[in-house]
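The structure under discussion appears below in the form of structure tokens.
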Amino acid sequence: MMRNMAAAAALVLASCMVSATASDEAYDRARDTKTYRNYTSHSVAFFESLLSGRVWVLESPGDGTYGNVALAMVFAEDGRRLKCSAKKAGGHMFRHESFAGRWSLKWGGHAATILYKPEDGGPPGHVRLFHDPNTGALAGEIRARNKAGEITHWGRPVTGWIQDTMPRSLADACPALAPAAGLGINEKQTSLEMDELRRQDPDAPIRHLPGAEHTAPGRTGLGASELAPTTTREAVFAFMRAQHGNIVLSPKGNPRVLILGDEGGPHELWQLGKDGKVANTSTFHEVKDGDGEWLEGRRRGKSLGRYPMGYPFPYLPTGYRHATFQLTDRLVEAGEPVALPWMPAKWKDFAFLADGKVRARRADGGPDRISTWRWTQGRLWVQIDGNREAPDWEEAYEQLGMAKPKLWTPADGQRATRGAGKCVGDHEGTATWTLGADGKRVWDTSGCRKRTE
């Protein structure tokens, strides 16, 4: 009996679909999953840090039976997944507890996907995750298929938030759940209705977890948007400017370096090896045609695929600067002219400027020249007098007598540059921090308020 009840409850997460309201054109896009990809908001590593040891308080908003009904899913640190589910029985809500099996995260379909295995040995379920660091919301989306097995749309069957403690109402409904997971109880949360739970403790959702800032434009879920665009061209290029020279993660979690080119492109993407060095390079071009606006990746003239402008952007930040740009960052910050041994002898030295310009001084005392510098294919080019010499980044460090920085490797992952914590003392709420230039946290306590009895 319990097994059947658990299986029925699992359908709340695994099978509930939102109604299909998107247009036929949107359905065509949904079927074209190689082009219109539903990238999740964050990386697998981030979601592991968000979920592990916490509880997902959730509902199935599109379902007439379970809408606004508070449910719980606990992600124990040892890999157990524990549920507090609901089932209608005789016109009344019957609640039960269920030890539902295991959970894990993986890169699935170029997205961070949570995989859960039921306790009865049935087929595993999976859902793509979308987290809003500002509100703490966490939603899951799945692909809906028709009887022929064709993808017709993306659905968002579950929404809610992650918190550290079990709501008192759900702890009472499923009394074995919190002790089994080692969770404390939130005594403020006494309702079994989601909207009331939100009001009872607005500080309960986890917000601004370190690393949550590492998201990209448009990664808010194609189920929520019903396959409409989720970002803008302006937001995409603002992101690309901000990440110029930084290490980003590809849809499969592999390291790349994003290089923004001149207005209109082309732009570059460097592939990094496991040692952090540049292993290969490609370009991506701005393309407009009858189907819309695209960024098209190319290598040796061959198309590698297209990104549809306005949809979820494929690359996630890591918070790390590549070694190439660390070199020029140092030169720009120093502001002092430096001799470049590989340049023609008539040029005495060069001062690197932050806007990609360079001031060249002549050895014979003649007038200075303003030109440009840029990294391309891992080489440092100074554009002056048709110069054809450009060392790779390692040679540039050596010729300039500069100490090489530590190379990023996949083990370094993503570096948190922002985060939050609970207010202390006689205050409640959330305080946020950013990483200062000295590597120390700078706190903002404007989100704290005097505790009320």
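- At distances below 3.5 Å, at least one donor-acceptor pair connects side-chain atoms of Q414 with backbone N or O atoms of P317.
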Should I162 and F47 be marked as a side-chain contact (heavy atoms from CB on, under 4.5 Å) after you check the CA-CA gap, both sets of side-chain angles, and the distance that decides it? CA-CA 11 Å; I162 295 290; F47 278 119; over 6 Å; no
Determine whether W294 and T35 satisfy the following criterion, side-chain contact (heavy atoms from CB on, under 4.5 Å), listing intermediate values before the conclusion. CA-CA 10 Å; W294 313 81; T35 302; 3.5 Å; yes
In residues 231-239, what donor-acceptor pairs under 3.5 Å come from side-chain atoms, sequence neighbours left out?
from, atom 1, to, atom 2, distance (Å)
T232, OG1, A235, N, 3.1
R233, NE, E293, OE2, 2.6
R233, NH2, E286, OE1, 2.9

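- A donor-acceptor distance shorter than 3.5 angstrom exists from the side chain of R102 to the backbone of D78, with no hydrogens or angles considered.
- Listed for the D412 side chain is a donor-acceptor partner under 3.5 Å among the backbone atoms of T409.
- Rounding to the nearest 0.5 angstrom, the gap separating the CZ atom in R199 from the CD atom in Q189 is 12.5 Å.
- A distance of 7.0 Å separates CG in L380 from CG in L327, rounded to the nearest 0.5 Å.
- In plain terms, the two heavy atoms of W107 and S43 that are nearest each other are CH2-CA, 3.8 Å.
- Nearest heavy atoms, P124 versus L115: CB-CD1, 3.9 Å.
- Annotation: K252, atom NZ; neighbour count of heavy atoms from other residues, nucleotides and ligands within 6.0 Å does not exceed 12.
- Taking the charged nitrogens against the carboxylate oxygens, K188 and D203 have no contact shorter than 4.0 Å, which rules out a salt bridge.
- Using modelled atom types and a 3.5 Å distance limit, the side chains of Q200 and S191 yield no donor-acceptor pair.
- Residue pairs meeting the salt bridge (Lys or Arg N to Asp or Glu O under 4.0 Å) criterion with at least one partner in residues 306-326, sequence neighbours excluded, are D289-R306, E296-R306, R321-D329.
- For the pair H153/E226, no side-chain contact is recorded, criterion being any heavy-atom separation below 4.5 Å from C-beta on.
- Put simply, the side chain of R207 gets close to the backbone of N134: a donor and an acceptor are under 3.5 Å apart.
- Residues satisfying the ring-ring contact (aromatic ring centres under 6.0 Å, His included) criterion with W270, sequence neighbours excluded, are H322.
- Contact of the I206 side chain with the L50 side chain is registered, since non-hydrogen atoms from C-beta on lie closer than 4.5 Å.
- Within a 6.0 Å radius of NZ in K404, other residues, nucleotides and ligands contribute more than 12 heavy atoms.
- Formation of a donor-acceptor pair under 3.5 Å by the N68 side chain with backbone atoms of D195 is found in this model.
- Side-chain contact check for W373 and T328: no donor-acceptor pair (N or O, by modelled atom type) lies under 3.5 Å.
- More than 12 heavy atoms of other residues, nucleotides or ligands shown are found within 6.0 angstrom of NE2 on H208.
- The nearest pair of heavy atoms linking W103 to A76 is NE1-O, 3.0 Å.
- In this structure, R219 contributes its side chain and P314 its backbone to a donor-acceptor pair below 3.5 Å.
- Smallest separation of non-hydrogen atoms from N186 and T165: CB-OG1, 3.3 Å.
- Under a 4.0 Å N-O distance rule, the pair R330/E333 does not qualify as a salt bridge.
- A donor-acceptor pair under 3.5 Å links the side-chain atoms of W408 to the main chain of G413, judged by distance alone.
- Here the closest non-hydrogen pair linking H214 and T318 is NE2-O, 3.6 Å.
- Side-chain contact between L222 and Y311: present, with at least one pair of heavy atoms (C-beta onward) separated by less than 4.5 Å.
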Could you go step by step and tell me if H267 and L258 meet the side-chain contact (heavy atoms from CB on, under 4.5 Å) rule? CA-CA 8 Å; H267 314 286; L258 186 62; 6.0 Å; no
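- At distances below 3.5 Å, not a single donor-acceptor pair connects side-chain atoms of E48 with backbone N or O atoms of F46.
- A side chain to side chain contact (heavy atoms under 4.5 Å, CB included) with W393 holds for exactly one of K277, R379, Q326; it is K277.
- Side-chain contact between R256 and Q271 is present, with heavy atoms from C-beta onward closer than 4.5 Å.
- Between L170 and V55, the closest side-chain pair of non-hydrogen atoms is not below 4.5 Å.
- Ion pairing of E187 with R168 is present here, as a side-chain N (NZ or NE/NH1/NH2) and a carboxylate O approach within less than 4.0 Å.
- Side chain of H131 to backbone of A137: a donor-acceptor contact under 3.5 angstrom is found.
- Here OG1 of T324 is found 6.0 Å from CD1 of I259. Values are rounded to the nearest 0.5 Å.
- Within the 4.5 Å cutoff, the side chain of W56 has heavy atoms near those of the L129 side chain.
- Listed for the H126 side chain is no donor-acceptor partner under 3.5 Å among the backbone atoms of T113.
- Atom-to-atom distance recorded for I114:CD1 and M73:CE is 7.5 Å, nearest 0.5 angstrom.
- The shortest heavy-atom contact between H42 and L316 is C-CD1, 3.7 Å.
- Between T135 and W161 the shortest side-chain heavy-atom distance does not fall below 4.5 Å.
- Taking the six-membered ring for Trp and the full ring otherwise, the centers of Y307 and F313 sit less than 6.0 Å from each other.
- Remark: N254 CG to K274 NZ distance equals 9.5 Å, nearest 0.5 Å.
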Residue pair E193, E59: steps toward the side-chain contact (heavy atoms from CB on, under 4.5 Å) verdict: CA-CA 9 Å; E193 296 181 352; E59 65 176 318; over 6 Å; no
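- Of the inter-residue distances, the one linking I142 atom CD1 with W154 atom CH2 reads 9.0 Å to the nearest 0.5 angstrom.
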